[in-house]
Amino acid sequence: MDYCLKQEVKRLMDIFEDSFINRNFELILEKRRNLYVNFELVKTVKDLKMNMIQWKSRACIKGDDEKILIKTRKKFNEFFKKDFSLEDLELIYELLGNEVNPDLCERFIDSDLNIEILKNYKCDNNG
């Protein structure tokens, strides 16, 4: 694991204070909700960001009570150093969640997570 990725993983673990790395070399962010990062699939900081967007955005908007969702959104925003609204996160999940559009996800990351990229994409694709 390179230095930059190591630093981002440490920062992510500080944000998800109960996180840990298990013997399968997975970063468990939230054990109860099964939020984790498989390090076999993450080799760069960009990979980590893509993984967070593609596989953790759902946990910000669905699947738990509102109190937990709010905490997860806060942590997601803290990791990305952004202030995404609930509406923004719904759009992120709709267009990028479950790895449905990796090319768009990469463009979104390369734009420093400019939400207008996703809004324009949705409009251009009859959304």
*Asks:* Sequence neighbours left out, what passes ring-ring contact (aromatic ring centres under 6.0 Å, His included) with Phe84? Give chain and number order.
*Replies:*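 Here no residue qualifies.
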
*Asks:* Applying salt bridge (Lys or Arg N to Asp or Glu O under 4.0 Å) to Lys75 and Glu17, what does each step give before you reach the verdict?
*Replies:* CA-CA 10 Å; Lys75 291 174 182 183; Glu17 57 277 346; 3.5 Å; yes

*Asks:* Hey, are the side chains of Ile92 and Leu113 touching, using non-hydrogen atoms and a 4.5 Å cut-off?
*Replies:*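 The answer is no, as the side chains (C-beta and beyond) never meet within the 4.5 Å cut-off.
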
*Asks:* Taking the side chain as every heavy atom from C-beta outward, state whether Ile21 and Met13 have any pair of such atoms under 4.5 Å apart.
*Replies:*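 Touching, per the 4.5 Å side-chain cut-off.
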
*Asks:* Where is the tightest heavy-atom contact between Leu5 and Thr44, given as atom of each residue plus distance?
*Replies:*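 Heavy-atom minimum between the residues: CD1-O, 3.7 Å.
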
*Asks:* Tell me every residue that passes salt bridge (Lys or Arg N to Asp or Glu O under 4.0 Å) with Lys56, counting only those two or more places apart in sequence or in another chain.
*Replies:*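 Applying salt bridge (Lys or Arg N to Asp or Glu O under 4.0 Å) to Lys56 gives none.
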
*Asks:* Is there side-chain contact between Arg73 and Ile70, with heavy atoms separated by less than 4.5 Å?
*Replies:*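 Yes, their side chains come closer than 4.5 Å.
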
*Asks:* So, does Asn22 use its side chain to make a donor-acceptor pair with the main chain of Glu26 at under 3.5 Å?
*Replies:*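 A pair under 3.5 Å: yes.
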
*Asks:* Of all the heavy-atom pairs spanning Cys105 and Ile53, show the shortest one and how long it is.
*Replies:*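 Reported closest heavy-atom pair: SG-CG2, 3.8 Å.
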
*Asks:* Side chain to side chain donor-acceptor pair (under 3.5 Å): which pairs involve residues 81-90, sequence neighbours left out?
*Replies:*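 Listed by first then second residue: Ser85-Asp88.
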
*Asks:* What I'd like to find out is whether the side chain of Asp47 reaches to under 4.5 Å of the side chain of Leu41, using heavy atoms alone.
*Replies:*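 Asp47 vs Leu41: side chains apart.
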
*Asks:* Can you tell me which residue pairs pass the salt bridge (Lys or Arg N to Asp or Glu O under 4.0 Å) test with a partner in residues 96-106, sequence neighbours excluded?
*Replies:*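 For residues 96-106: Lys46-Glu106.
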
*Asks:* Closest approach of Ile61 and Leu69, non-hydrogen atoms and distance?
*Replies:*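 That closest heavy-atom pairing would be O-CD1, 3.8 Å.
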
*Asks:* Among Ile, Leu, Val, Met, Phe, Trp and Tyr joined by side-chain contacts under 4.5 Å, find the other residues sharing a cluster with Ile28 and list them by chain and number.
*Replies:*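 Direct or chained contacts put Ile28 with Phe20, Tyr36.
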
*Asks:* Can you tell me which residue pairs pass the ring pair (Phe, Tyr, Trp, His ring centres under 6.0 Å) test with a partner in residues 37-64, sequence neighbours excluded?
*Replies:*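 For residues 37-64: Phe25-Phe39.
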
*Asks:* Strictly below 4.0 Å, N to O, side chains only: are Glu8 and Arg11 in salt-bridge contact?
*Replies:*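 Yes, this pair counts.
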
*Asks:* Is there a side chain to side chain contact (heavy atoms under 4.5 Å, CB included) between Tyr121 and Leu95? Walk through the geometry before answering.
*Replies:* CA-CA 9 Å; Tyr121 179 88; Leu95 297 180; 4.1 Å; yes

*Asks:* Which pair of non-hydrogen atoms, one from Asn101 and one from Leu96, has the smallest distance, and what is that distance?
*Replies:*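 Taking every non-hydrogen atom into account, O-CD2, 3.8 Å.
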
*Asks:* Ignoring hydrogens, what is the shortest heavy-atom contact between Phe16 and Met52? Give both atom names and the distance.
*Replies:*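 Looking at all heavy atoms of both residues, the closest pair is CE1-CE, 4.3 Å.
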
*Asks:* Carefully, step by step, assess Arg32 and Ile68 under the rule side chain to side chain contact (heavy atoms under 4.5 Å, CB included).
*Replies:* CA-CA 11 Å; Arg32 185 181 69 77; Ile68 300 295; 3.9 Å; yes

*Asks:* Decide yes or no for Lys43 and Met1: does some side-chain heavy atom of the first lie under 4.5 Å from some side-chain heavy atom of the second?
*Replies:*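 No; the side chains remain at least 4.5 Å from each other.
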
*Asks:* State plainly whether the residues Lys31 and Asp18 are in salt-bridge range, i.e. N to O under 4.0 Å.
*Replies:*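 No, Lys31 and Asp18 are not salt-bridged.
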
*Asks:* Do Val45 and Gln7 have side chains that approach each other closer than 4.5 Å (heavy atoms only, starting at C-beta)?
*Replies:*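 Side-chain contact under 4.5 Å: no.
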
*Asks:* Report yes if some heavy atom in the side chain of Thr72 is under 4.5 Å from a heavy atom in the side chain of Glu30; otherwise report no.
*Replies:*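 Yes. Closest side-chain heavy atoms under 4.5 Å.
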
*Asks:* Roughly how far, to the nearest 0.5 Å, is NZ of Lys62 from CZ of Arg58?
*Replies:*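 Answer rounded to 0.5 Å: 6.0 Å.
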
*Asks:* Between Arg107 and Asp110, is there a side-chain heavy-atom distance shorter than 4.5 Å?
*Replies:*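 They are not in side-chain contact.
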
*Asks:* Rounded at 0.5 Å granularity, tell me how far CZ in Phe79 sits from CG in Asp14.
*Replies:*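 Going from CZ on Phe79 over to CG on Asp14, the span is 12.0 Å.
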
*Asks:* Between Asn120 and Glu116, is any side-chain donor less than 3.5 angstrom from a side-chain acceptor?
*Replies:*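 Result is no, nothing qualifies.
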
*Asks:* Please name the pair of heavy atoms, one in Gly97 and one in Ser57, separated by the smallest distance, quoted to 0.1 Å.
*Replies:*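 Nearest pair, atom of Gly97 first, then Ser57: CA-OG, 4.1 Å.
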
